[in-house]
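Take a look at the structure below.
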There are 2 protein chains.
Amino acid sequence: MSRTASKGEATRDAILDAAIALAREVGLGALTIGGLAERVGMSKSGLFAHFGAKEELQLATLKAAQLRFDEQVSKVAFQAPRGVERLRALFERWLSWAAAQRQPGGCLMIAAASEFDDVPGPVRDFLAEQQRGWLLGLGRTVQFAIDSGDLPADTDCEQFAFELFGLILSTHHHVRLLNDAHFLASARRGLERLIVAPPRHNA
Amino acid sequence: MSRTASKGEATRDAILDAAIALAREVGLGALTIGGLAERVGMSKSGLFAHFGAKEELQLATLKAAQLRFDEQVSKVAFQAPRGVERLRALFERWLSWAAAQRQPGGCLMIAAASEFDDVPGPVRDFLAEQQRGWLLGLGRTVQFAIDSGDLPADTDCEQFAFELFGLILSTHHHVRLLNDAHFLASARRGLERLIVAPPRHNA
DNA sequence: CATTAAAACGAACGGTCGTGCTAAATTCTC
DNA sequence: GAGAATTTAGCACGACCGTTCGTTTTAATG
């Protein structure tokens, strides 16, 4: 069957699947090994042996979530041609990742960032690095839209990315807290305004 | 001295002061009674007696934070005359509340919302109600700017408030996680774009 | 100042946390 | 299928959690 799927790796993947789901509900910091073990259906110590420390479990969970994000958001959006079309695809995928998933709990990375932004350590470091990379990737996608002639040449990519991120955050916040999906439409209107009247350099 | 400041109320206030500070660092959920007691310099049971339950402590902490917010943000901004001037004042005050405070930890309400958005109970209910009220207040401030002729008559107040909130969230997120104050400037540029090219109805 | 009420304390409770250790069970390799 | 390696379980530990209770200290009242 799968080439390198030893039993250990298989259960490890299953654990991380459950860890993502559980952490989205209670938070990455409130993720307990006992609770996770019960959810997966194995012993606490058996699960623990896969990671050796709680912090490792947290990091592994974040990395697994990032992998999923890349597949469900970035990868899919990058099938659209460069330009606003890809930008819209990315935004739409991102929206459904962050605020419209069926299972409870929003975006793990966003929640974890808010949770760990004052807790120094590897988890925070990972999140910060991840954020830097994502911001860069967003800026690049905007640049492609400029290159395609879909956006004015003097569009400020970084400012655009910053505001785009704000739209996602606001949607995430309101949809999750107020349980009102109409904010998804607000997000889309915000994107259109960004496209029609984008932020520009020296303006 | 102060009229109704029995000893009990005084220490209760001191406790809540410390609770806000501590909760901003570790999160409202990770707030422990023992840790808070140590910080305040009193016994665990003595502190506990003031609230009777941890959830009451959490709620009291949130209410105390809201009180501060009203005084430091809303109240001050409302001294400016209605219109964009007040809008700018509000935004600036809000910015320094959320992302530029000296002490560690960002905005408690934002962090708590992200932490409790999937944890049913009084804390979540309080946060949701608070958010509804704030969104309404924001919209009203925008409406004043329309009435003063500073914004087009067909400006969409709710959409405006939604995007404004996104700017604050994005700033909060980036400043806290990446420790880079230059995002404050991004926030201000976002506000200017909102004023110059606001979202409109039927557009 | 004496009395009473309020507030703070100290010790203890049952539980759960993360983490070692050792033994049993399972999977992999030849 | 035998033997080695990996994976899982069981149990115990010290620490800390929220909470209770009885006592002692402190503040308010006449």
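Per chain, numbering begins at 1; letters A, B, ... match sequence-line order. Atoms considered below: every heavy atom in the structure, side chains included; atoms not considered: hydrogens, waters and symmetry mates. Since we're looking at a predicted model, the values are computed, not measured.
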Please enumerate all residues that pass salt bridge (Lys or Arg N to Asp or Glu O under 4.0 Å) together with Asp150(A), with sequence neighbours excluded. none
Could you give the CD1-to-C1' distance, from Ile33(B) to dT20(D), as a whole number of Å? 12 Å
Between dA27(D) (P) and Glu9(B) (CD): distance, integer Å: 16 Å
Which residue pairs pass the side-chain hydrogen bond (donor to acceptor under 3.5 Å, both in side chains) test when at least one of the two sits in residues 137-146 of chain A, sequence neighbours left out? Gln143(A)-Asp147(A)
Who are the ring-ring contact (aromatic ring centres under 6.0 Å, His included) partners of Phe183(B), not counting sequence neighbours? Phe162(A), His174(B)
Using atom CG of Leu36(A) as one end and atom P of dC17(C) as the other, report the distance to the nearest whole Å. 11 Å
Which parts of residues 40-52 of chain B get close to DNA chain C, meaning a heavy atom less than 4.0 angstrom away? Met42(B), Ser43(B), Ser45(B), Gly46(B), His50(B)
Whole angstrom is fine here: how far is it from CG in Leu31(B) over to C1' in dG18(D)? 13 Å
For Arg188(B), give me all partners under salt bridge (Lys or Arg N to Asp or Glu O under 4.0 Å), at least two apart in sequence or on another chain. Glu92(B)
Arg93(A) CZ: over 12 foreign heavy atoms closer than 6.0 Å: no
Could you give the NZ-to-P distance, from Lys54(B) to dT19(D), as a whole number of Å? 8 Å
Value in whole Å for how far the C1' atom of dC17(D) lies from CD of Glu38(B): 14 Å
Leu28(A) has an atom CG; how far is it from atom P of dG18(C), in whole Å? 12 Å
Mind checking salt bridge (Lys or Arg N to Asp or Glu O under 4.0 Å) for Glu85(B) and listing every partner two or more places apart, or none if nothing turns up? none
Is any side-chain N or O of Thr11(B) closer than 4.0 Å to OP1 or OP2 of dA8(C)? yes
